[in-house]
Asks: 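This is the structure I want to talk about, given as structure tokens.
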Amino acid sequence: MRVFRLNVNGDDLEVAAPAHWTLLEVLRYELGLIGSKQGCDKGDCGACTVLLDGSPVLSCLRLAATAEGHAVVTIEGLMPMHKARGGDGADVVQDAFDRCGALQCGFCQPGMMLSARALLNENPKPTRGEIHDALAGNLCRCTGYTQIVQAVELCVAEAAGVEPAQPAWSADANGKKV
Amino acid sequence: MLRLPKFELEEPATLDEALALFAEHGSDAMPIAGGTDLVPNMKHRLFEPKVVVSLARIEALTGIRVTSGGELEIGAMTTLADVARSSAVQERAPVLAQAASLIAGPQLRTMGTLGGNVMLDTRCQWYNQTHFWRTSLGYCLKKDGTECHVVQGGGKCVAAASNDTAPALMTLGATLVFQGPTPPGESKANLREIAIDALWKADGIVNKHTEPGEILTAIRIPAQAAGHRGAYGKLRDRGSIDFPLFGCAVRLDVGTDEAVTGADICAVALVARPSHVKRIEDELVGQRVGSDDFASAVGRVAELAYKQCRPMDNSPGDADYRREMVPVYVRRTLHAAAQGAGPVHHV
Ligand SMILES: Cc1cc2nc3c(=O)[nH]c(=O)nc-3n(C[C@H](O)[C@H](O)[C@H](O)COP(=O)(O)OP(=O)(O)OC[C@H]3O[C@@H](n4cnc5c(N)ncnc54)[C@H](O)[C@@H]3O)c2cc1C
Ligand code: SF4
Ligand code: FES
Ligand code: FES
């Protein structure tokens, strides 16, 4: 057993866990933060994505004790963080995913939204290509990604006060809205 | 759910402390950098070290700097994301920036390091599997077993070097700086500097010549020729995340008259060691980039690569398909390097 400190969603916590436990295991089975999902558990799917000092990392591959001294944000921290910045209700990313129906089973969603949040923090006006690149490590087995990309584009457009780009599926071959 | 085997974790703050731990624990200890290769491998029970020594708190191992001689020196713990987005690397060693940018997905590039990539274990579809899966198969030569499922009756493991930065660093003539524990009774640092070409051996079980307890501390890339151009080409299943099914790094030195003065191509994801494609300078040197003669020379080089590069059934993906893609990727990557473009891949 190893005793170490973790900063999770702004809370400074003392944790006791075996040295061979991953950050994901500590989050889910010690701290009860089950928003981070255990998918493949070996780096392939991105369902366990959390932000470490603002960058998306895979908590299933990160030894928990090595996260001491870094700020961890899980999906549970997204809304409180948004509110702490003076926002209202859910984070705009969560709101946009909701409005766009950017989910089916929802398993990929926490990781997907954290990758999207990190992207927008660093680059508030990403192109569609940059959105694809930023979400490349988050696999969705259900949605086909269209509404997910649309949700991120909706955040970008609303922040800029412009009409969101037409999602590819809503236009026919001639670009006419269907 | 894949649990890790039990181990003790050490997090030394200095290289000396880390080396002392290796001196103390010998082969019971393994270094961990980003953990993106070692953690899945430990979950699969391919490695079960008693002590895992994290290098993450050793600040001296991180960073990219350009020396007064124009050499690039990259600390082994520098992340792949930092290598890919560094303007110094993009300018001086474009092939390395491109290769790093195509490794795995964004989260893994934030975690994974250049040193960990150089030191990556070889891969094979019969090996990178859970313990349960490997038990059902009856294991193989590389781990716990006695036969090879790639070369039936073969006595040698041919698991593939699958690290994208390896061929890139080879075309750049990189040097690796290792430091090992100081032997008892000696006081000076146990440093070893080797050309990256000399790191590899043709054995899929362990494809590197290293000394016990040695840590890769830095990767040095000499200043390239004035007209240096480079590009990386990578064949993989999904452009978003997968390991290479074939990777090729290209270096072209181009004179002021646009004629090629030197060239190198290195291939990876074939067998245990990444390899230079031979005799390509005979075809390319003297050709003016962009000319018809250059294009025909590129065609002949692609043929040479086709003859020399033989993908095996070690990686997932049909070996015949991968072989047919060898000349395609070599040709496209050479043209990309010539134009100062790249990387070459599909999404
Ligand atoms: C889904 C997935 C996709 C991937 N795709 C790719 C890909 O496309 N291309 C690719 O090349 N890799 C890929 N990888 C593998 C891996 O992410 C990268 O190779 C990464 O660079 C490994 O670096 P690391 O710091 O995480 O290494 P670690 O896992 O920490 O270490 C790897 C090995 O090197 C040793 N080691 C690490 N640092 C040192 C050092 N300084 N000195 C001595 N030994 C050391 C460790 O003991 C271990 O044996 C992928 C991994 C996953 C999970
Ligand atoms: S090539 Fe693959 S199957 Fe053959 S011994 Fe090596 S790891 Fe095992
Ligand atoms: S659970 Fe971590 S990447 Fe799949
Ligand atoms: S909504 Fe099911 S995995 Fe994405």
Side-chain angles (χ1 to χ4, degrees), chain A residues 1-2 4 17-25 28-29 37-70 111-112 114-116 118-119 122 128-140 145, chain B residues 1-13 32-44 46 48-57 59 79 81-82 84-85 101-112 116 128-130 133 236-243 345 347:
Chain A
M1 208 49 94
R2 199 182 165 96
F4 52 95
H20 65 281
W21 274 35
T22 62
L23 179 58
L24 180 63
E25 287 165 336
R28 289 181 63 88
Y29 309 122
K37 300 295 177 233
Q38 199 159 18
C40 64
D41 218 5
K42 59 192 182 80
D44 291 324
C45 75
C48 64
T49 301
V50 300
L51 304 185
L52 197 87
D53 299 333
S55 298
V57 300
L58 303 177
S59 60
C60 72
L61 298 187
R62 181 85 190 202
L63 299 179
T66 69
E68 182 167 320
H70 300 279
M112 208 57 100
L114 287 166
S115 287
L119 167 70
E122 200 170 294
R128 188 168 288 179
E130 286 167 338
I131 297 171
H132 284 177
D133 287 347
L135 300 182
N138 294 88
L139 268 64
C140 177
Y145 302 101
Chain B
M1 185 146 127
L2 291 167
R3 306 307 295 263
L4 279 163
K6 282 202 176 85
F7 52 75
E8 287 307 317
L9 173 68
E10 296 285 357
E11 296 184 89
I32 189 167
T36 61
D37 179 49
L38 186 58
V39 171
N41 286 352
M42 289 193 295
K43 288 187 172 190
H44 289 166
L46 297 169
E48 296 181 74
K50 290 201 180 80
V51 182
V52 170
V53 181
S54 168
L55 308 178
R57 304 215 187 262
E59 275 169 28
T79 66
D82 284 343
R85 67 174 157 238
S101 79
L102 293 190
I103 290 174
Q107 298 97 320
L108 289 156
R109 289 193 295 274
T110 300
M111 305 173 77
N128 295 99
Q129 302 286 354
T130 60
W133 193 101
R236 53 178 170 175
D237 270 341
R238 295 163 299 179
S240 56
I241 191 161
D242 286 316
F243 276 97
H345 71 129
V347 279

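First the proteins, then the strands, lettered A, B, ... as listed; each starts at 1. Reckoned from all heavy atoms, side chains included, excluding hydrogens, waters and symmetry mates.
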Asks: For T66(A), is it the side chain, the backbone, both or neither that has a heavy atom under 4.5 Å from a heavy atom of chain B?
Replies: both
Asks: If I measure from the heavy atoms of chain B, does A134(A) come under 4.5 Å with its side chain, its backbone, both, or neither?
Replies: backbone
Asks: Could you look at M1(B) and say if it's the side chain, the backbone, both or neither that has a heavy atom under 4.5 Å from chain A?
Replies: both
Asks: What heavy-atom pair brings Q107(B) and T49(A) nearest, and what distance separates the two atoms?
Replies: NE2-OG1, 3.0 Å
Asks: At their closest point, which heavy atom of L114(A) faces which heavy atom of L51(A), and how far apart are they?
Replies: O-CD2, 3.6 Å
Asks: Can you see which heavy atom on G46(A) is nearest to which on N138(A), and at what distance?
Replies: O-ND2, 3.2 Å
Asks: Identify which of C60(A), S115(A), S55(A), P18(A) forms the greatest number of heavy-atom pairs closer than 4.5 Å to chain B.
Replies: C60(A)
Asks: Less than 4.5 Å apart, side chain to side chain, heavy atoms only: is that true for I103(B) and L108(B)?
Replies: no
Asks: Checking L119(A) against L135(A) for the side chain to side chain contact (heavy atoms under 4.5 Å, CB included) test, could you report, in this order, the C-alpha distance in whole Å, the side-chain angles of both residues, the deciding distance, and whether it holds?
Replies: CA-CA 9 Å; L119(A) 167 70; L135(A) 300 182; 5.9 Å; no
Asks: Can you tell me which portion of I32(B) sits under 4.5 Å from chain A's heavy atoms? Options are side chain, backbone, both or neither.
Replies: side chain
Asks: Where does L24(A) contact chain B at under 4.5 Å (heavy atoms): side chain, backbone, both or neither?
Replies: neither
Asks: Side chain from CB out, backbone as N, CA, C, O: work out which of these in E68(A) comes under 4.5 Å of a heavy atom of chain B, or both, or neither.
Replies: both
Asks: Let me know if R3(B) has heavy atoms under 4.5 Å from chain A in its side chain, its backbone, both or neither.
Replies: both
Asks: Any donor-acceptor pair under 3.5 Å linking the side chain of R62(A) with the backbone of L23(A)?
Replies: no
Asks: Working to the nearest 0.5 Å, report the span between NZ of K37(A) and OG of S59(A).
Replies: 11.0 Å
Asks: What part of K6(B) gets closer than 4.5 Å to chain A, counting heavy atoms only: side chain, backbone, both or neither?
Replies: both
Asks: Please flag which part of L52(A) lies under 4.5 Å from any non-hydrogen atom of chain B: side chain, backbone, both or neither.
Replies: neither
Asks: Between T36(B) and chain A, with a heavy-atom cut-off of 4.5 Å, which part of the residue counts as in contact: side chain, backbone, both or neither?
Replies: both
Asks: State plainly whether the residues R2(A) and E11(B) are in salt-bridge range, i.e. N to O under 4.0 Å.
Replies: yes
